[in-house]
Every structure is written in structure tokens, then in C-alpha cells.
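The next block holds one structure in the form of C-alpha cells; read it before the comments.
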Amino acid sequence: MLTIKNINKKYADGTHALKNVSLQLPTGMIGLLGPNGAGKSSLMRTLACLQSPDDGQIVFDGIDLQQSPDELRKVLGYLPQYFGVYPHMTCQALLEHMAILKGVKKTVRSEQITKLLALTNLSDVAHKKVSTFSGGMRQRFGIAQALLGDPQIIIMDEPTSGLDPVERERLHNLLVVISKEKLVILSTHIVEDIENLCHHVALMIKGEVIDNANVKTLIAPLEGCIWQTHIEPKPENDINVLSKSYRFGEPSFRLYSKTKPTQDATLLEATLQDRYFFELLAKEES
């Protein structure tokens, strides 16, 4: 269990990136969902011991981040949104180098790297330079290095960003396997990734946690209130246009309304994306 209590973080330019963030996160895949600038990366960097909060407390399995950051680092794996690699090092050599830096014992280092290469489907390219890898291969390498040392908490910041559909599916399958016995925190603004992978989600907007629960609980307040129509509704206080999309050039509106908003409106099941857009609209109006 990861417990976060009243975390605040304000940067030198005055940006209040985290505002009294409190969460209790269990083992499994946890999603942090929010737009760019919501504070997700700031929270990730704080949890990864790359920066200290101004105040508050973070405890994982009895380890207090403020008091024992080195102890937390021993059980932590981190995949940042962007990471560089040494241009002339092979996948195998770079994993060995990082294993040494992580303090992985020599007696288990080789066996662990072999297993991670197989898990991330990189065995066939182990002796190729990581700098030549495709985006998906590089992300899988990033996961392999994050798993070195058998960490109990893994933090991944936008791991599927920029990947094609095939690579995203491969990465999803890998993340599901990993999260069965570990706490995996997945930060992204891609709602579909969160809805497909995570059993527990925290919604963040402008540095605050708006709500956090399992997906079914988060969307429950919108059930019976989500409609689809091809007629643009008139602006009214009790109707919110959550999204507008096109199919074959024809517009389609997804609405929140407690009553049928237009004559052609069709009632739909609520989704996590509906809750996400609903909260964004509410925040803009407040």
C-alpha cells in the first residue's frame, strides 16, 4: 500500500504543481489521469525521489520517503516519459551497466537480465544498440531497466505516448503481467489506456486530485445521463456537451443531461472518458 498525505509542491516560478494531494493506492495497476499540466509528472517525480515535496508525507510498505529516500529507491522502478541512452551501448550491455548502478548482485545479474529480455520480447535484439531501436522497442527496454532489481513499486510516465497500435497492445499485455504482483502507477492523458488497464484511477486537474476510486465507481454518477445526438443542442444550464466527433463527415455530440436533450438523442453507457470531460468542464466553469 502506498499512502500519500497532503503533498504540496510549488516551484520557483510560483507554479503550485501539487495541492494537498492525498491517495491510498493498493497493489495492481493504478492510473493517474489528467490533461497536460495537471500535476501528474510532478507527482511522479516526487514519488520517484527526484524531488522533495514542500510538505506532506509519502509512505510505502512502512518506508517513509522523507526520512529514508534511499530505502524507497531500493524497491522502486521508474520509467520517465523521455529518457536518453548511451549511443554506442547494446541493449544487453546497457542493462548490465544499469543493474550494477542499482546494486543488483553479480550472482543474479545475468539470470535476471535474461529473464527481463524474454519478458519484454527483446532477446533477439539484445546485442543491438538501443539508440537504433524503434519507439516501441525503446519503451520495452525502458520497462526492462525499470524492472531490474525486482522492484515492488513501478512508476511509468506516459509509457504509450507516440506508439503505434500494435506496439501499444504489446505494451498493454506486458503491463498487465507485471502488475499482478506489484504496484504499477501509470500516468497518462490517454483515457483509453487507463480504462483498459487500470482497476483504480485518480483524476487530477490543476494540481488537485478531483476523485479516486475504481473505474465503475467513478462513472456511476453519470449513468443514465450520457446521450448521443447528431443535432447540436442549444446552450442550456442542464446540458453539457462533453465531446464532439465526426463519422463520415457528420458531427456527433456526446452530452450530459439528466433528461433527454434532443428528439433524436440515444442513451449510452457512461465511460471514464465521459467522467474525465465532465470534470474538465466543471473545473473550467468554477
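Just so you know, these numbers use all the heavy atoms, side chains as well, and skip hydrogens, waters and symmetry mates. Because the structure is a prediction, the values reported are computed rather than measured.
Within the 4.5 Å cutoff, the side chain of L18 has no heavy atoms near those of the P53 side chain. The shortest side-chain heavy-atom distance between I100 and R109 falls under the 4.5 Å cut-off. Between V215 and H199, the closest side-chain pair of non-hydrogen atoms is not below 4.5 Å. Between D64 and L72 the shortest side-chain heavy-atom distance does not fall below 4.5 Å. The shortest distance between side-chain heavy atoms of I154 and L147 falls below 4.5 Å. Put simply, the side chain of L43 reaches to within 4.5 Å of the side chain of M204, judged on heavy atoms. By the 4.5 Å heavy-atom criterion applied to side chains, L76 and F60 are not counted as neighbours. With contacts defined as side-chain heavy-atom distances shorter than 4.5 Å, the pair L32/L203 does not qualify.
A single hydrophobic cluster is seen to contain both I155 and L23, as judged by linkage of ILVMFWY side chains at heavy-atom distances under 4.5 Å, directly or through other members. Cluster annotation: V177 is connected to L122 through the hydrophobic network of ILVMFWY side chains, with a link wherever side-chain heavy atoms come within less than 4.5 Å. Following chains of ILVMFWY side-chain contacts shorter than 4.5 Å, one cannot reach L280 starting from L255, and the two form parts of different hydrophobic clusters. L175 and L25 are not part of a single hydrophobic cluster, where members link through side-chain heavy atoms under 4.5 Å apart. No continuous path of hydrophobic side-chain contacts links I219 to I30 [ILVMFWY only; heavy atoms under 4.5 Å].
More than 12 heavy atoms of other residues, nucleotides or ligands shown are found within 6.0 angstrom of CD on Q66. Heavy-atom contacts from other residues, nucleotides or ligands closer than 6.0 Å to CG of D124 number 12 or fewer. Atom CD of Q51 has more than 12 heavy atoms from other residues, nucleotides or ligands within 6.0 Å. Heavy-atom neighbours of K260 NZ from other residues, nucleotides or ligands within 6.0 Å: above the threshold of 12.
Between H16 and Y11, the ring center distance fails the sub-6.0 Å criterion.
Ring geometry, F141 versus F83: the interplanar angle falls from 30° to 60°, so the pair is classed tilted.
Note that CD of Q112 and CD of E96 are 12.0 Å apart. Values are rounded to the nearest 0.5 Å. Of the inter-residue distances, the one linking K258 atom NZ with C225 atom SG reads 6.5 Å to the nearest 0.5 angstrom. Residue E111 holds its CD atom at 10.5 Å from CG of L116, rounded to the nearest 0.5 Å. Taken to the nearest 0.5 Å, the OG1 atom of T15 stands 13.0 Å off from the NZ atom of K206. Between L95 atom CG and T120 atom OG1 the span is 7.5 Å, to the nearest 0.5 Å. With rounding to the nearest 0.5 angstrom, the CD atom of Q92 is 14.5 Å from the NE2 atom of H97.
Between the side chains of H172 and N196, not a single donor N or O lies within less than 3.5 Å of an accepting N or O. The closest side-chain donor-acceptor pair between N8 and D54, if any, does not fall under 3.5 angstrom. Side-chain contact, D193 with T188: no donor N or O sits under 3.5 Å from an acceptor N or O. Counting only N and O atoms by type, the side chains of Q152 and D61 include no donor and acceptor under 3.5 Å apart.
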Please step through side-chain contact (heavy atoms from CB on, under 4.5 Å) for the pair L171 and I143, ending with a clear verdict. CA-CA 9 Å; L171 191 57; I143 292 177; 2.8 Å; yes

Take K180 and T27 through the side-chain contact (heavy atoms from CB on, under 4.5 Å) test and state the conclusion after the steps. CA-CA 8 Å; K180 289 181 179 179; T27 298; over 6 Å; no

Verdict with reasoning, E167 to R170, per salt bridge (Lys or Arg N to Asp or Glu O under 4.0 Å): CA-CA 5 Å; E167 286 289 2; R170 287 175 181 166; 3.5 Å; yes

Check the pair I4, S22 against side-chain contact (heavy atoms from CB on, under 4.5 Å), reporting the backbone distance first and the verdict last. CA-CA 5 Å; I4 302 169; S22 295; 5.8 Å; no

Between L186 and M29, is the side-chain contact (heavy atoms from CB on, under 4.5 Å) condition met? List the steps. CA-CA 7 Å; L186 174 66; M29 186 82 73; 4.2 Å; yes

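The two residues R140 and N121 make their nearest non-hydrogen contact at NH1-O, 3.1 Å. In terms of heavy atoms, K40 sits closest to N36 at NZ-N, 4.3 Å. Among all heavy-atom pairs drawn from D157 and S41, the shortest one is OD2-OG, 2.9 Å. Across every non-hydrogen atom of P251 and K244, the tightest pair is CB-CE, 4.0 Å. Taking every heavy atom of both residues into account, S257 and I239 meet most closely at OG-CG1, 3.9 Å. A126 approaches L117 most closely through the heavy-atom pair CB-CD1, 3.8 Å.
Between K74 and E71, at least one side-chain nitrogen of the basic residue sits less than 4.0 Å from a carboxylate oxygen of the acidic one, meeting the salt-bridge criterion. The pair K182-D150 meets the salt-bridge criterion, with a side-chain N (NZ, NE, NH1 or NH2) lying under 4.0 Å from an Asp/Glu carboxylate O.
Put simply, the side chain of S68 never gets that close to the backbone of L65: no donor and acceptor are under 3.5 Å apart. Checked by atom type and distance alone, the side chain of T90 never pairs as donor or acceptor with a backbone atom of K128 at under 3.5 Å. The backbone N or O of L242 lies less than 3.5 Å from no partner atom in the side chain of N240, so there is not a single donor-acceptor pair. For E195 (side chain) and E192 (main-chain N/O), no donor-acceptor pair under 3.5 Å exists by modelled atom type. For the pair K9 (side chain) and S52 (backbone), a donor-acceptor distance under 3.5 Å is present. Side-chain atoms of T114 come within 3.5 Å of backbone atoms of S110 as a donor-acceptor pair (strictly under, hydrogens ignored).
Listed by first and then second residue, the ring-ring contact (aromatic ring centres under 6.0 Å, His included) pairs that reach into residues 214-270 are Y256-F278, sequence neighbours excluded.
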Could you list the donor-acceptor pairs under 3.5 angstrom formed by side chains in residues 270-277, with sequence neighbours left out?
from, atom 1, to, atom 2, distance (Å)
T271, OG1, Q273, N, 3.4
T271, OG1, D274, N, 3.2
T271, OG1, D274, OD2, 3.2
D274, OD1, R254, NE, 2.6
D274, OD2, R254, NE, 3.2
D274, OD2, R254, NH2, 3.1
D274, OD2, T271, N, 3.0
R275, NE, E279, OE2, 2.8
R275, NH1, L218, O, 2.6
R275, NH2, D211, OD2, 3.1
R275, NH2, E279, OE2, 2.9

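Annotation: side chain to side chain donor-acceptor pair (under 3.5 Å) contacts of S252 (sequence neighbours excluded): Q228.
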